[in-house]
2 protein chains.
Amino acid sequence: MARLKDVAQRAGVSTATVSNVLRGAKPATPAVQRRVLAAAAELGYVPNPHAQSLRTGHSRALGLVVPDLTNPYFPALVQAIEATARALGYALIVMDAGNDGEREHDSLVLLATYRVAGVVWVPVDDRQTVDWPFPIVTVDRPLDGCDAVVADHAQGGALVAAHAIARGHRRVGLLSGPRALASAAARRTGFLGAAAGALEIAWEHEVPFSSELPPAAVERLAAPDCSLVVCANDAIAVGALRALRAAGARVPQDVSVIGFDDVPWAEFVEPALTTVRQPLAALGAGAVAMLHARIAAPGDARRFETHPVTLVTRRSVADRQAATVAAASPAGGRP
Amino acid sequence: MARLKDVAQRAGVSTATVSNVLRGAKPATPAVQRRVLAAAAELGYVPNPHAQSLRTGHSRALGLVVPDLTNPYFPALVQAIEATARALGYALIVMDAGNDGEREHDSLVLLATYRVAGVVWVPVDDRQTVDWPFPIVTVDRPLDGCDAVVADHAQGGALVAAHAIARGHRRVGLLSGPRALASAAARRTGFLGAAAGALEIAWEHEVPFSSELPPAAVERLAAPDCSLVVCANDAIAVGALRALRAAGARVPQDVSVIGFDDVPWAEFVEPALTTVRQPLAALGAGAVAMLHARIAAPGDARRFETHPVTLVTRRSVADRQAATVAAASPAGGRP
DNA sequence: AAGGCTCGGTTAAACGATTAACCTCTGCTT
DNA sequence: AAGCAGAGGTTAATCGTTTAACCGAGCCTT
């Protein structure tokens with residue numbers, strides 16, 4: 001592989017000059033410029049990233065630490081992160097923390113020894129320290145003193161409330177996620193805020209983000225006493241679907257279900273799940289862009305970016321408005 | 001961060017000695033050994049990987065190139081690869097080819113400039129060249145002249161045939177995958193081989209690996225004329241489920257469906273899918289181990305490793321044995 | 001007792017970039 | 001005309017390792 005020295009030789013200048021024109025660090029005579037560029041092109045010169053890193057003290061690589069790749073939430077995120085990192089000229093070193101705080105810590109020190117230029121981090125839990133020798137931006141779990149990009153969970157909650165209202169629901173059950181997670185809490189309060197006055201909360205269970213519902217919840221779903229169960233998660237939603245089916249209730253004719261996340265298989269369950277979609281691609285791209293900016297300007301103020309979510313309506317929530325109208329019309333309708 | 005020189009100073013020896021004892025490259029006096037180790041430990045010395053790479057010409061990093069992270073097949077694979085790579089002391093640079101041959105090629109050259117020690121590669125298609133400046137092991141798509149680890153697709157096919165037979169099916173329909181893909185072809189021939197004599201193939205459609213079935217296939221499923229449709233893929237299987245449901249057939253009472261892959265949501269569809277599970281973790285770990293061995297011994301003969309798959313039986317295939325017995329017993333059964 | 005081996009260690013030269021310091025012209029200013 | 005500034009280059013040091021070449025001191029061998 002061609003080295004700087006080779007390019008210099010071929011262009012008839014010193015390595016310093018080559019380095020400078022290639023990086024645009026110092027102005028050069030048009031003639032020299034031309035010769036250097038030509039030589040570099042002809043030799044297919046690509047700088048050795050290790051030499052660069054050794055000299056400059058930081059590499060043109062980014063780290064990515066995620067709690068668990070196997071979580072359906074992440075692949076799309078990682079994909080977006082890798083794509084925009086590459087577009088910006090970074091390589092991406094990814095580490096899976098296996099949902100384990102210690103392993104996560106190890107990942108970070110590894111990245112430190114690799115002198116990555118920065119890392120995008122999805123912490124396994126909300127309380128984490130951020131004193132690392134590289135800039136960090138977290139995704140979806142803001143840590144104080146550290147850049148962050150998050151989805152607008154509260155808006156998402158509001159979206160499902162609005163949808164429920166629009167579809168004529170009045171009594172809903174709530175399968176909310178772990179209150180300790182900021183995102184789950186935001187979804188809940190967003191929902192509650194938008195529901196206030198229009199929606200009656202028949203009951204609420206706080207359940208883990210899993211399709212295995214705790215006994216109390218499945219018992220409740222055997223006699224739901226509501227027309228819609230709103231779930232903090234698509235996984236929870238399939239748990240609800242399952243419990244409802246087991247109890248002989250038809251979804252959505254008897255009771256509707258709404259999820260959150262729009263995991264890749266949300267359209268594959270029966271019935272296809274109405275849910276709110278997280279802007280995974282935007283989140284990933286935003287995170288990398290933010291990191292890039294931070295690397296360029298370490299001193300700037302903390303950045304915080306929240307991305308809007310969208311409702312994707314499929315078949316798991318019924319339109320009771322239509323039903324109501326149809327039922328009401330013959331009885332007391334006016335001409 | 002502590003450098004080799006610092007350790008040397010503290011131990012009162014030369015940097016060469018430190019380097020040698022730390023790597024066990026040259027024997028040293030017990031006393032020196034002790035002093036060096038102690039000094040390194042006290043300073044928390046970790047070698048600078050970039051300096052190492054620059055000097056040795058290869059980095060202690062592995063590359064991973066996958067066609068599309070978003071494919072449910074990959075996350076578990078990537079996770080296993082990352083885990084064992086890390087256990088072996090490698091960092092993992094992952095690149096998503098976005099199902100695009102050109103982008104895949106770019107990924108490889110990028111990895112080359114990074115001087116990775118080796119790469120595990122899931123090629124986007126079967127015909128690819130392998131002359132790269134690093135050792136390669138492919139996963140699931142053997143390329144000639146290059147190490148490979150694959151799942152035993154043929155065995156998987158045989159497994160589904162055996163299961164079909166055991167459950168008393170006689171006439172089956174086949175939704176086979178793209179014949180051009182070696183894995184799909186292997187599944188098919190494995191199935192056909194084990195089915196020979198015992199199972200009648202009512203019909204066969206070659207369909208893409210997607211839940212969107214071509215019209216001919218959905219039409220066929222409207223009047224399946226078989227008790228079981230075997231699918232080359234879980235995605236195809238949910239397509240079949242959907243078409244069957246649309247046609248008013250109950251699964252598995254009227255017709256059974258069996259998939260392949262055991263994607264993470266196979267248990268979430270209705271009914272939960274009986275399918276064959278790929279040993280993703282073993283595949284990933286095996287690939288990295290093989291790569292590690294190859295890096296240590298570049299000259300060795302080509303390695304090829306095939307991992308067994310397993311049938312995971314859930315609820316999408318009915319037991320017609322029981323039905324047959326029940327139906328036959330009253331009529332012509334003996335005491 | 002002198003020469004040859006090992007053994008355990010050191011010196012110094014790479015690896016391929018970046019970058020501070022310096023040098024040499026031109027072209028202006030005064 | 002002398003002096004100065006600045007533009008455009010070059011030289012050489014440096015980043016932190018690895019590793020070939022070397023060196024001195026004991027220990028055998030003959």
Side-chain angles (χ1 to χ4, degrees), chain A residues 1-37 39-40 43-61 89-91 110 112-117 133-134 295, chain B residues 1-37 39-40 43-61 89 91 112-117 133-134 295:
Chain A
M1 284 206 168
R3 300 152 307 160
L4 201 53
K5 194 194 290 189
D6 302 325
V7 179
Q9 229 148 24
R10 177 173 262 255
V13 296
S14 73
T15 63
T17 300
V18 176
S19 176
N20 283 325
V21 347
L22 252 30
R23 292 176 308 131
K26 260 188 170 183
T29 287
V32 167
Q33 190 125 351
R34 207 171 28 70
R35 285 199 337 259
V36 167
L37 259 22
L43 271 60
Y45 170 72
V46 176
N48 181 321
H50 298 299
Q52 281 184 136
S53 302
L54 176 57
R55 182 62 233 254
T56 64
H58 56 257
S59 74
R60 198 137 178 92
Y90 297 101
L110 234 41
T113 88
Y114 265 91
R115 270 75 170 177
V116 293
F134 39 67
I295 290 165
Chain B
M1 286 205 168
R3 297 152 309 160
L4 201 54
K5 194 194 290 190
D6 302 326
V7 179
Q9 228 147 26
R10 177 174 263 253
V13 296
S14 73
T15 62
T17 299
V18 176
S19 176
N20 284 326
V21 344
L22 251 30
R23 292 174 310 132
K26 261 188 169 184
T29 288
V32 168
Q33 190 124 349
R34 207 172 27 69
R35 287 202 333 263
V36 167
L37 260 22
L43 270 56
Y45 170 73
V46 175
N48 181 321
H50 298 299
Q52 281 183 136
S53 302
L54 177 57
R55 181 62 233 249
T56 64
H58 57 256
S59 72
R60 200 139 177 92
T113 88
Y114 265 90
R115 270 77 170 177
V116 292
F134 38 67
I295 290 166

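Below, read A as the first sequence line, B as the second, and so on, with proteins coming before strands; counting in each chain starts at 1.
- Proximity of B:His50 to A:Ser59: side-chain heavy atoms (C-beta onward) are separated by under 4.5 Å at one or more points.
- Across C:dA12, C:dA17, D:dC15, the shortest atom-to-atom separation from the side chain of A:Leu54 is found for D:dC15.
- As rounded to whole Å, 15 Å separates atom P of C:dC7 from atom CG of B:Asn20.
- Counting only heavy atoms from C-beta outward, the side chains of B:Leu37 and B:Leu22 approach each other to under 4.5 Å.
- For the pair B:Val13/B:Arg35, a side-chain contact is recorded, criterion being any heavy-atom separation below 4.5 Å from C-beta on.
- At whole-Å resolution of the value, NE2 in B:His58 and P in D:dT17 are 15 Å apart.
- Rounded to a whole Å, the NE2 atom of B:His50 is 13 Å from the C1' atom of D:dT17.
- For the pair B:Ser53 and C:dC15, the criterion of a side-chain N or O lying under 4.0 Å from OP1 or OP2 is not met.
- Between the CD atom of B:Gln52 and the C1' atom of D:dT17 there is a distance of 7 Å, given to the nearest Å.
- A close approach under 4.0 Å does occur between a side-chain nitrogen or oxygen of A:Arg23 and OP1 or OP2 of C:dT19.
- One finds a side-chain N or O of A:Thr17 lying less than 4.0 angstrom from the OP1 or OP2 phosphate oxygen of D:dT10.
- Checking D:dG9, D:dT17, C:dG8 against every side-chain atom of B:Thr29, the shortest atom distance belongs to C:dG8.
- Residue-level contact check: A:Ala16 touches the bases, meaning some heavy atom is under 4.0 Å from a base atom.
- Using a 4.0 Å heavy-atom distance criterion, A:Ser14 is classed as a base contact.
- Regarding A:Arg115, its CZ atom lies at a distance of 12 Å from the C1' atom of D:dT17, rounded to whole Å.
- No side-chain donor-acceptor contact under 3.5 Å links B:Thr29 to the backbone of B:Ala31.
- Distance alone, capped at 3.5 Å, places no donor-acceptor pair between the A:Ser19 side chain and the A:Thr15 backbone.
- The shortest distance between the side-chain N/O atoms of A:Tyr45 and the OP1/OP2 oxygens of C:dG16 is not below 4.0 Å.
- At the heavy-atom level, B:Pro27 lies under 4.0 Å from the strands shown only through sugar-phosphate atoms.
- Separating the CZ atom of B:Arg3 from the P atom of D:dT17 is a distance of 8 Å, rounded to the nearest angstrom.
- In terms of position along DNA chain C, the nucleotide closest to A:Ala2 lies nearer the 5' end than the nucleotide closest to the other residue of the pair A:Lys26 and A:Ala2.
- Following rounding to the nearest Å, B:Gln9 (CD) and C:dT10 (P) show an atom-to-atom distance of 13 Å.
- Taking atom CG on B:Asp6 and atom P on D:dC15, their separation rounds to 11 Å, with Å as the unit.
- Closest to the A:Leu4 side chain, of the nucleotides C:dG8, C:dA17, C:dT10, is C:dA17.
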